[in-house]
Protein chains: 2
Amino acid sequence: MGRSKEFDPDAALRAALELFWRQGYEATSMQDLVDHLGINRGSIYATYGSKHELYLKALDRYCEGQGNVALELLSRPGSALSAVRDFLLGHAAQCHQDEERKGCLVTNSATELLPGDAGAGRRIDTALRDVENALTGALIRAKGQRELDENAQPRSLARFLVTFIQGLHVIAKTQDERRLDDAVDQALTLLR
Amino acid sequence: MGRSKEFDPDAALRAALELFWRQGYEATSMQDLVDHLGINRGSIYATYGSKHELYLKALDRYCEGQGNVALELLSRPGSALSAVRDFLLGHAAQCHQDEERKGCLVTNSATELLPGDAGAGRRIDTALRDVENALTGALIRAKGQRELDENAQPRSLARFLVTFIQGLHVIAKTQDERRLDDAVDQALTLLR
DNA sequence: CAAATTTCTAACTGCTCGTTACGGTAAGCA
DNA sequence: TGCTTACCGTAACGAGCAGTTAGAAATTTG
């Protein structure tokens with residue numbers, strides 16, 4: 001059946017993700033990818049198709065990872081409201097820890113590629129909807145646990161939070177750390 | 001003294017702004033600019049220096065325009081809280097009206113060019129700080145008018161709102177209009 | 001072992017990039 | 001009228017771009 005792959009396609013995809021995440025789509029050239037993936041030009045095309053397809057696959061991989069973390073955190077037993085708060089704080093912490101200030105690939109993809117890129121659009125919509133759904137579920141549970149006002153609207157609140165988190169990832173690209181902390185702090189007060 | 005300029009440098013700058021806003025920095029080529037500005041290649045370089053300088057000048061112009069609108073709205077007499085609410089609703093309306101879904105040039109610049117571009121970084125920081133200051137002022141007035149809880153923290157609230165607005169402009173790039181409206185709606189409830 | 005199959009490598013295709021230079025011409029001022 | 005300046009179209013620049021192709025090398029299967 002022929003020769004087997006010498007490189008790990010998933011490791012290479014992760015390297016591509018790293019590069020696209022740091023530099024964006026347009027600013028990343030195939031030569032950049034060749035240099036950083038450690039495999040040959042031809043192998044990249046044979047394995048992933050094109051630069052654009054590779055980007056979408058990297059975006060898929062990113063969404064998968066982030067989505068799992070989100071769903072796991074927001075579905076954990078115990079106080080649902082605490083889970084939501086920890087979810088927010090987690091995003092803030094992620095922003096702080098990222099010394100390269102790459103932000104969030106979903107956010108970056110949305111601002112760079114929408115509305116022109118349908119493939120990216122579908123993935124971004126799915127990613128945002130998944131987070132929104134997970135948040136909505138947690139907020140419904142929080143409401144049931146009387147942690148939330150009975151007038152609270154879980155779905156709308158979730159949409160607010162999704163939007164706010166996108167804002168966090170924009171601010172994360174700037175240097176201003178206090179703005180980020182203050183913003184999260186104030187958002188948390190809304191959740192009562 | 002020689003021939004005087006035949007084209008309107010400011011009109012050309014606005015055309016460049018339009019293009020960068022719609023397509024982003026990397027995705028806009030000099031050829032695109034030559035085609036849309038209606039002036040010659042050489043005249044572009046003679047007038048604006050380089051593609052990057054032209055971008056920064058376009059960003060300056062954008063910030064100037066947006067900043068004036070913001071400051072005027074947030075400084076108007078009467079209920080300061082209403083002004084803040086109208087400011088938020090104004091951003092939402094701007095998102096809805098923009099059929100090209102260009103979003104906000106500050107937001108787009110931050111996600112595409114930061115942290116690598118110092119010139120863009122300075123301008124983005126200034127723009128965000130100006131809005132934050134204008135919002136803080138309005139919130140202080142709102143607090144004085146007893147429209148805001150006495151425990152409210154105007155500066156932190158302003159930072160929260162700035163961050164949230166960035167999120168709005170990310171969501172504006174997607175198609176989902178309800179998410180935007182719900183998000184604004186929920187954010188407004190925080191301001192009470 | 002030998003044939004089949006697949007990956008690997010590297011040179012190569014046009015093409016586009018941002019930028020600069022070149023005449024030729026039109027307009028302001030002496 | 002001259003001098004200067006700015007305009008235009010065009011072309012060129014070197015570099016880098018995304019993507020292709022041909023063949024050598026390697027491994028699996030019959």
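The structure presented is a predicted model; accordingly, all values stated were derived computationally and were not measured. Quick note on labels: first sequence line is chain A, next is B, and so on, each numbered from 1.
- Side-chain contact between Arg14(B) and Asp8(B) is present, with heavy atoms from C-beta onward closer than 4.5 Å.
- One atom, CG of Leu33(B), and another, P of dC17(C), lie 11 Å apart when rounded to the nearest Å.
- The OH-P distance, from Tyr48(A) to dC8(C), rounds to 10 Å in whole Å.
- Applying the salt bridge (charged side-chain N to carboxylate O under 4.0 Å, His left out) test to residues at least two apart or on different chains, the pairs with a partner in residues 111-128 of chain A are Asp60(A)-Arg123(A).
- The listed nucleotides are dC7(D), dC17(C), dT9(C); the one nearest the side chain of Ser43(A) is dT9(C).
- Within residues 11-29 of chain B, the residues that place at least one heavy atom under 4.0 Å from DNA chain C are, in residue-number order, Thr28(B), Ser29(B).
- Cation-pi contact between Lys51(B) and Tyr25(B): present, with separation from the ring centre below 6.0 Å and deviation from the ring axis of at most 45°.
- Atom OH in Tyr55(A) sits about 17 Å away from atom C1' in dA18(D), given to the nearest Å.
- With sequence neighbours excluded, the residues satisfying salt bridge (Lys or Arg N to Asp or Glu O under 4.0 Å) with Arg61(A) are Asp10(A).
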Per-pair distances, 0.1 Å, donor-acceptor, side chain in residues 78-88 of chain A, under 3.5 Å, sequence neighbours excluded:
{"from": "Ser79(A)", "atom 1": "OG", "to": "Ser82(A)", "atom 2": "N", "distance (Å)": "3.0"}
{"from": "Ser79(A)", "atom 1": "OG", "to": "Ser82(A)", "atom 2": "OG", "distance (Å)": "2.8"}
{"from": "Ser79(A)", "atom 1": "OG", "to": "Glu147(A)", "atom 2": "OE1", "distance (Å)": "3.4"}
{"from": "Ser79(A)", "atom 1": "OG", "to": "Glu147(A)", "atom 2": "OE2", "distance (Å)": "2.5"}
{"from": "Arg85(A)", "atom 1": "NH1", "to": "Leu188(A)", "atom 2": "O", "distance (Å)": "3.4"}
{"from": "Asp86(A)", "atom 1": "OD2", "to": "Arg76(A)", "atom 2": "NH1", "distance (Å)": "3.3"}
{"from": "Asp86(A)", "atom 1": "OD2", "to": "Arg76(A)", "atom 2": "NH2", "distance (Å)": "2.7"}

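- In this structure, the side chain of Thr189(B) engages the main chain of Gln186(B) through a donor-acceptor pair within 3.5 Å.
- Distance NE2 (His52(B)) to C1' (dC17(C)): 16 Å, rounded to an integer number of Å.
- Computed from coordinates, the Gln31(B) CD to dG18(C) P distance equals 9 Å when rounded to whole Å.
- In this structure, a donor-acceptor pair under 3.5 Å is absent between the side chains of Gln166(A) and Gln166(B).
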Practice task
Return one dot-bracket line describing DNA chain D 5' to 3' (Watson-Crick or G-U wobble pairs, both distances under 3.5 Å; ( ) same strand, [ ] crossing, | another strand, . none).
Solution key: ||||||||||||||||||||||||||||||

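- Protein atom CG of Asp8(B) is 15 Å distant from nucleotide atom C1' of dA6(D), rounded to whole Å.
- We find that Asp182(A) and Arg178(A) are not joined by a salt bridge, their nearest charged nitrogen and carboxylate oxygen being 4.0 Å or further apart.
- Side-chain proximity of Lys51(A) to dA18(D), dC17(D), dG18(C): nearest is dA18(D).
- Note: CD1 (Ile44(A)) to P (dG19(D)) measures 11 Å, nearest angstrom.
- With no hydrogens or angles considered, no side-chain donor-acceptor pair links Asn68(B) and Glu64(B) at under 3.5 Å.
- We find that Lys143(B) and Glu150(B) are not joined by a salt bridge, their nearest charged nitrogen and carboxylate oxygen being 4.0 Å or further apart.
- With rounding to whole Å, Asp35(A) atom CG is found 15 Å from dT9(C) atom C1'.
- Between Glu18(A) and Arg22(A) there is a salt bridge, with a side-chain nitrogen of the basic residue lying less than 4.0 Å from a carboxylate oxygen of the acidic one.
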Can you give me the N/O atom pairs linking the protein to nucleotides 9-13 of chain D at distances under 3.5 Å, or say none if there are none?
{"from": "dG9(D)", "atom 1": "N7", "to": "Asn40(B)", "atom 2": "OD1", "distance (Å)": "3.4"}
{"from": "dG9(D)", "atom 1": "N7", "to": "Asn40(B)", "atom 2": "ND2", "distance (Å)": "2.6"}

